[in-house]
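Naming: A, B, ... by sequence-line order, numbering from 1 per chain.
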2 protein chains.
Amino acid sequence: MQRRQLLDELVSKGIRLTSQRRAVISVIQEAKSHLDAGSLLDLARRLEPSLDRATVYRTIGLLKKLRLIDELDLMHLEGEKHYYEVRTEGDHIHLACFGCGMIQEFTSPLFDRLKEEITRTAGFEIRVARLELGGFCPKCSSRHRGEEEEKTKTSVKH
Amino acid sequence: MQRRQLLDELVSKGIRLTSQRRAVISVIQEAKSHLDAGSLLDLARRLEPSLDRATVYRTIGLLKKLRLIDELDLMHLEGEKHYYEVRTEGDHIHLACFGCGMIQEFTSPLFDRLKEEITRTAGFEIRVARLELGGFCPKCSSRHRGEEEEKTKTSVKH
DNA sequence: AAACTTTCTGCGACTCAGTCGCAAGAACGG
DNA sequence: CCGTTCTTGCGACTGAGTCGCAGAAAGTTT
Ligand SMILES: [Zn+2]
Ligand SMILES: [Zn+2]
Ligand SMILES: [Zn+2]
Ligand SMILES: [Zn+2]
């Protein structure tokens, strides 16, 4: 499902391949979850121990500019980090649960229609589309509702 | 169009009103554009010169928690700042131009439909919805296309 | 209006993501 | 294998945001 491999994309654009870039790219590609620059560094260092923070950021910048990866905020659930994922065919939406920190992905034709509408109506040439929702997943939703009621009860002045 | 004033909301929630909070809130409310914490501090200091950075952040946190303001990234067009705006009835979309830095707001019923679909399908209780698009505004779009062609021409190895 | 409790503020020191300039090192085409 | 050009590691730096604390205010009670 994943179009062409990132490495091939770089080669085809005449970009120099280094072992550091291979390491970072490999980690991003195999990642099962959304990684921030720090985790990316830790994981890639297993492949390339001398790898430096700066190089990771530079590689991220490169891949972002080439539109091969997307940058996410994930509602900054844990600090002001940014997260990265390989760009896929259709954009997808990220749902971040304030309760348990779960991140869920969601796709919908409506999203594409909305983007299409914006392109048409506003004449805006979309390069990056980021839709992130914060709230409560099904599990936390009920728990959270309970807490809210609890709070209301006790805070009402008698 | 702006529901109830922020100050009233705070009072009704039994939150202590201080001159610092008044200053920050007043600035956010009168703001013509999206302000980051730094600008917010500068402007609010005109009303309350002793105002400290920390207090601004604490007030932002408070208003965010009460869902009276929204936090934006605006595609981090100029550094890793965050921007704030008073929450309005319907969520709106932000378009950020990579060319000129313009920020445009956009609303669409499709956006509400999309959120409604997510609530229904994923059982997710949405608290914050942030849709930001990066790309090129109509003016910059043509200019940008021109440059791309230029680049292609000169970068072809003879 | 003074006293009292609770919350808020300013301050200063701190954290932590991300950036930058530079000199040494590696890629790759010839 | 060589030379040009790009990339890296390092270290120092920036700048947003946080935190604990002691003193200052807010709102409430008498
Ligand atoms: Zn961000
Ligand atoms: Zn949850
Ligand atoms: Zn953000
Ligand atoms: Zn523009």
Counting heavy atoms from C-beta on, name the nucleotide in [options] closest to the side chain of [X].
| X | options | result |
| --- | --- | --- |
| B:H82 | D:dG17, D:dA25, D:dT7 | D:dG17 |
| A:T18 | D:dT7, C:dG10, C:dG18 | D:dT7 |
| A:L17 | C:dT9, D:dA16, C:dC28 | C:dC28 |

Output all residues satisfying side-chain hydrogen bond (donor to acceptor under 3.5 Å, both in side chains) with [X], sequence neighbours left out; order by chain, then residue number.
| X | value |
| --- | --- |
| B:Y83 | none |
| A:T107 | none |
| A:R46 | none |
| B:S39 | B:D36 |

Subject >> Where at least one partner belongs to residues 101-116 of chain A, residue pairs that pass salt bridge (charged side-chain N to carboxylate O under 4.0 Å, His left out), sequence neighbours excluded >> reply: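 Pairs touching residues 101-116 of chain A that pass the test: A:D91-A:K115, A:D112-A:K115, A:E116-A:R120.
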
Original post:
Which pairs pass salt bridge (charged side-chain N to carboxylate O under 4.0 Å, His left out) with one or both residues in residues 54-66 of chain B, sequence neighbours excluded?
Top reply: B:K64-B:E71

In this structure, how many angstroms lie between the [atom2] atom of [N] and the [atom1] atom of [X], rounded?
| X | N | atom1 | atom2 | answer |
| --- | --- | --- | --- | --- |
| A:H76 | C:dA17 | NE2 | C1' | 11 Å |
| A:R45 | D:dT8 | CZ | P | 14 Å |
| B:R22 | D:dA25 | CZ | P | 14 Å |
| A:L10 | C:dC28 | CG | P | 11 Å |
| A:K65 | D:dC6 | NZ | P | 12 Å |
| B:L51 | C:dC11 | CG | C1' | 13 Å |
| A:E48 | D:dT7 | CD | P | 16 Å |
| A:L62 | C:dT19 | CG | C1' | 16 Å |

Subject >> Residues that, via side-chain heavy atoms closer than 4.5 angstrom, fall in one hydrophobic cluster with B:F106 >> reply: A:I93, A:L95, A:M102, A:F106, A:L110, A:F111, A:L114, A:I118, A:F124, A:I126, A:L131, A:L133, B:I93, B:L95, B:M102, B:L110, B:F111, B:L114, B:I118, B:F124, B:I126, B:L131, B:L133

**OP:** Would you indicate whether the side-chain heavy atoms of B:H82 and B:I60 approach each other to under 4.5 Å?
**Re:**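 When only atoms from C-beta onward are counted, B:H82 and B:I60 do not touch, as no gap falls below 4.5 Å.
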
Original post:
Going 5' to 3' along nucleotides 18-24 of chain D, which nucleotides have protein heavy atoms under 4.0 Å from the base (write B), which only from the sugar-phosphate (write S), and which from neither (write -)?
Top reply: BBB----

Subject >> Residues which pass ring-ring contact (aromatic ring centres under 6.0 Å, His included) with A:H34, listed by chain and number, not counting sequence neighbours >> reply: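 Checked A:H34 against ring-ring contact (aromatic ring centres under 6.0 Å, His included); matches are A:H94.
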
**OP:** Give B:S19 one of three labels, base, sugar-phosphate or nothing, depending on what nucleic acid heavy atoms sit under 4.0 Å from its own.
**Re:**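 It contacts nothing in the nucleic acid.
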
**OP:** Using heavy atoms and a sub-4.0 Å distance, could you list which residues of residues 32-43 of chain A are near DNA chain D? By number, please.
**Re:** none

**OP:** Decide yes or no on side-chain hydrogen bond (donor to acceptor under 3.5 Å, both in side chains) for A:Q20 and A:T55, but give the supporting numbers first.
**Re:** CA-CA 8 Å; A:Q20 292 86 341; A:T55 303; over 6 Å; no

Subject >> Bending between helix ends of the helix from C:dA1-D:dT30 to C:dG30-D:dC1 [5 pairs per end, 10° resolution] >> reply: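 So the angle between the two local helix axes works out to 30°.
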
Original post:
In chain order, what residues pass the salt bridge (charged side-chain N to carboxylate O under 4.0 Å, His left out) check against B:E30, with sequence neighbours excluded?
Top reply: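 So B:E30 forms no salt bridge (charged side-chain N to carboxylate O under 4.0 Å, His left out) with any residue.
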
Original post:
Closest nucleotide of DNA chain C for B:T55 versus for B:R16: which of these residues is on the 5' side?
Top reply: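 With B:T55 and B:R16 compared, the 5'-side residue is B:R16.
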
Subject >> CD1 on A:I15 to CG on A:L66, rounded to 0.5 Å >> reply: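 Between A:L66 CG and A:I15 CD1, I get 4.5 Å after rounding to 0.5 Å.
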
Original post:
Would one find a side-chain N or O of A:Q20 under 4.0 angstrom from OP1 or OP2 of C:dA26?
Top reply: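 Looking at the OP1 and OP2 atoms of C:dA26, neither is under 4.0 Å from any side-chain N or O of A:Q20.
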
